[in-house]
Amino acid sequence: MPGLSRFVLLTAMAIEMTTTRTPLRERLVIGNWKMHGNLADNAKLLAALRPATTATTSAQLAVCVPFPYLAQAAEALKGSSVSWGAQDISVQKQGAFTGEVSASMLKDFGCTWALVGHSERRSMHAETDQLVADKAQAALAAGLIPVVCVGESLAERDAGQAISVIQRQLAPVLALGAEAVNKLVVAYEPVWAIGTGRTATPEQAQEVHAAIRAALQAIGAGNVQILYGGSVKAANAASLFSMPDIDGALVGGAALVADEFLAIAA
Ligand code: PGA
């Protein structure tokens with residue numbers, strides 16, 4: 001094949017490869033504020049995020065804030081393209097469950113998202129794989145989108161168990177069935193990369209994302225968005241996002257700095 005037409009063919013194939021995934025799965029970047037913030041700092045952060053649109057950031061943007069600040073986030077972001085949500089949810093609908101917050105309460109504050117099964121909840125609050133799946137189901141029942149977090153510890157990775165741990169964590173979620181699973185988002189957050197500054201390499205992350213994709217595909221939910229989380233920052237976002245099965249990010253520390261968070265989404 002003459003050089004020029006070969007070049008044209010390869011270019012066309014490259015364009016085809018980069019354009020086919022986008023319409024299927026929109027890029028999504030969610031900030032997890034954890035237990036940070038106060039009314040004054042939040043107001044500045046939310047005001048800086050408010051003008052962001054998918055045109056300026058090329059990603060759908062969202063923030064998951066502490067419960068007491070949901071009303072503030074709702075007020076500051078309503079009418080914008082930035083959505084908001086909570087960092088946890090109760091499996092219970094209502095009743096004598098002191099300290100718990102139900103899915104319908106989150107709906108009252110206009111939430112779109114609820115994180116479930118974040119590794120800090122799994123480890124500090126002894127949340128089991130089944131409880132996490134039940135929380136995902138409670139979120140879905142109220143019309144929220146659960147972001148189901150999974151991830152292995154360093155010891156599990158070193159023992160070669162990363163993928164089997166993720167499969168175990170996902171099993172009760174997949175058991176909810178294709179209809180439910182097609183409405184949720186999965187976030188892969190290796191525990192050893194959270195808040196440590198040690199990000200998984202794009203290849204390490206892609207390997208696990210591909211395994212998650214295969215598990216989702218097996219039940220007919222192959223187009224679910226799979227986010228990566230763990231020390232994501234502007235400097236490493238592009239290389240992570242270049243991986244075929246990484247559809248966005250769940251961002252902790254860097255989500256507290258508006259410029260950094262917006263740069264990740266851009
Ligand atoms: P990090 O946290 O970005 O600060 O590592 C991510 C997360 O825990 O969701």
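This one's a predicted model, so the numbers in the text were calculated from it and none came from an experiment. Note that ligands are numbered from 1 as they come in the structure, with each ligand's atoms numbered from 1 the same way.
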Grouping I, L, V, M, F, W and Y whenever their side-chain heavy atoms are under 4.5 Å apart, do Ile212 and Leu227 come out in a common cluster? no
for atom 3 (O) of ligand 1, nearest protein heavy atom and its distance come out as Gly252 N, 2.9 Å
For ligand 1, indicate whether the residue Ile194 contacts it via side chain, backbone, both or neither (heavy-atom separation under 4.0 Å). both
Of all protein heavy atoms, the one nearest atom 4 (O) of ligand 1 is Gly253 N, 2.9 Å
Ligand 1 atoms in contact with His118 (distance to a heavy atom under 4.0 Å): 7 (C), 8 (O), 9 (O)
Return yes when Lys34 approaches ligand 1 closer than 4.0 angstrom through a heavy atom, no otherwise. yes
Considering only the protein, which heavy-atom contact is closest to atom 9 (O) of ligand 1, and what is its distance? Glu189 OE2, 2.6 Å
I need the single residue from Val132, Val186, Val173, Val165 that forms a side-chain contact (heavy atoms from CB on, under 4.5 Å) with Val150. Which is it? Val186
For His118 and Glu127, does a side-chain donor sit closer than 3.5 Å to a side-chain acceptor? no
Look up atom CD in Gln161 and atom CG in Asp158, then write down how far apart they are to the nearest 0.5 Å. 10.0 Å
Counting from 1, what ligand 1 atoms have a heavy atom of Gly230 closer than 4.0 Å? 5 (O)
Using 0.5 Å steps for rounding, measure from the CD atom of Glu179 to the CD1 atom of Ile219. 11.5 Å
Among the heavy atoms of Ala193, does any lie under 4.0 Å from an atom of ligand 1? yes
Is there a path of hydrophobic side-chain contacts, each under 4.5 Å between heavy atoms of I, L, V, M, F, W or Y residues, that connects Trp33 with Phe67? yes
When you measure from the side chain of Ser119 to the backbone N and O of Glu189, does any donor-acceptor pair fall under 3.5 Å? no
Would you mind running through ligand 1 and noting each atom that sits below 4.0 Å from a heavy atom of Ser231? 1 (P), 3 (O), 5 (O)
Could you tell me if any non-hydrogen atom of Gly195 lies under 4.0 Å from any atom of ligand 1? yes
